[in-house]
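The next block holds one structure in the form of structure tokens; read it before the comments.
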Amino acid sequence: MKQNLILCGFMGCGKSTIGRRLAALSGRKLIDMDRFIEEEQGMTIREIFDRYGEDAFRQMETEASKALSLQSNLVIASGGGTVLNPQNADILRRNGKILLLEVPLAALQERLKTDTQRPLLQRPDRREFIAELFEKRIPLYRQAADLIVPAGAPGNVVARRILEMLNETEDSKEVN
Ligand code: S3P
């Protein structure tokens, strides 16, 4: 039974993309927490924010953290805000390691500039908002993380780097 690997970090840092690679390489199942919540609720994250508000969504993240921490053999791509609540980080850590994917702000700005799906970013001052939120969140992500991974490289490279850092390379498979 393998411990869960929980990917955290700012919106656009590659949690889902790297998560897919990491799951394939390490023989775990990928769960994208946003998609998990969307399926549970039968609506998109945008709709959840519009209908119920952010606080309700944050509560759903805690419920999802509890449900997923009961399983093992998972790579969990968390949402960009999930582990900022220390309660969620504690729950997820019960059965796994929290890995922070660090990508420089400039790269995140580039990746996020045309996003239409993330409710927090649908505002005219997006660039300034991202810069401020990034500064605020970075220390909190670092506090929650068991391991900090430089993640600017392509997904498969970062996934291999993670397994090396965790000393799990022996049981990893070759996947392109
Ligand atoms: C959020 C990030 C999103 C999603 C929601 C809130 C955040 O996930 O959970 O829009 O607070 O940073 P991604 O990081 O996968 O975009």
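Atoms within a ligand are numbered from 1 in the order they appear, just like the ligands themselves. Quantities reported herein were computed from a predicted structural model and do not represent experimental measurements. For the numbers below, each heavy atom of this structure counts, side chains included, while hydrogens, waters and symmetry mates do not.
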Give a yes-or-no answer on whether the side chains of [X] and [Y] include a donor-acceptor pair shorter than 3.5 Å.
X: D32; Y: S16; result: yes
X: N88; Y: T62; result: yes
X: R28; Y: S26; result: yes

*asked:* Using a 6.0 Å cut-off, check whether atom CZ of R35 has over 12 heavy atoms from anything other than its own residue.
replied: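 Yes, because the 6.0 Å sphere around CZ of R35 holds more than 12 heavy atoms from other groups.
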
*Can you check whether G12 has an N/O within less than 3.5 Å of an N/O in ligand 1?*
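There is no such contact.
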
*Using distance alone, decide if ligand 1 has a nitrogen or oxygen within less than 3.5 Å of any nitrogen or oxygen in R137.*
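By distance alone, the answer is yes.
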
What's the shortest distance from [atom] to any protein heavy atom, and which residue and atom give it?
atom: atom 10 (O) of ligand 1; answer: P119 CD, 3.6 Å
atom: atom 2 (C) of ligand 1; answer: G80 N, 3.3 Å
atom: atom 6 (C) of ligand 1; answer: R58 NH2, 3.9 Å
atom: atom 14 (O) of ligand 1; answer: K15 NZ, 2.8 Å
atom: atom 9 (O) of ligand 1; answer: D34 OD1, 2.8 Å
atom: atom 16 (O) of ligand 1; answer: R118 NE, 2.5 Å

_Residue pair T82 / I6, side-chain heavy-atom distance below 4.5 Å_ =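 No - every pair of side-chain heavy atoms lies 4.5 Å or more apart.
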
*Is it true that E54 lies under 4.0 Å from ligand 1, counting heavy atoms only?*
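No, E54 has no heavy atoms under 4.0 Å from ligand 1.
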
*Working to the nearest 0.5 Å, report the span between CZ of F134 and CZ of R137.*
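Going from the CZ atom of F134 to the CZ atom of R137 covers 11.5 Å.
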
*asked:* Under 4.0 Å from a heavy atom of G79: which atoms of ligand 1 are those, numbered in the order shown and with their elements?
replied: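 Numbered from 1, ligand 1 contributes 8 (O), 9 (O), 14 (O).
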
*Atom indices of ligand 1, in the order listed, that fall short of 4.0 Å to a heavy atom of L120*: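 Numbered from 1, ligand 1 contributes 7 (C), 11 (O).
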
*Does R93 come within less than 4.0 Å of D90, counting only side-chain N to carboxylate O?*
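Salt bridge flag = yes for D90 with R93.
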
_Sidechain N-carboxylate O distance under 4.0 Å for E164, R161_ =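 Judged by the 4.0 Å cut-off on N to carboxylate O distance, E164 and R161 do not form a salt bridge.
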
*Option among R142, K136, E135 that satisfies the side chain to side chain contact (heavy atoms under 4.5 Å, CB included) test with I138*: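 Single side chain to side chain contact (heavy atoms under 4.5 Å, CB included) partner of I138 among R142, K136, E135: R142.
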
*Check M33 against ligand 1 and report side chain, backbone, both or neither, counting heavy atoms closer than 4.0 Å.*
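Neither part.
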
*With heavy atoms only and a cut-off of under 4.0 Å, state how T82 meets ligand 1: side chain, backbone, both or neither.*
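The answer is neither.
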
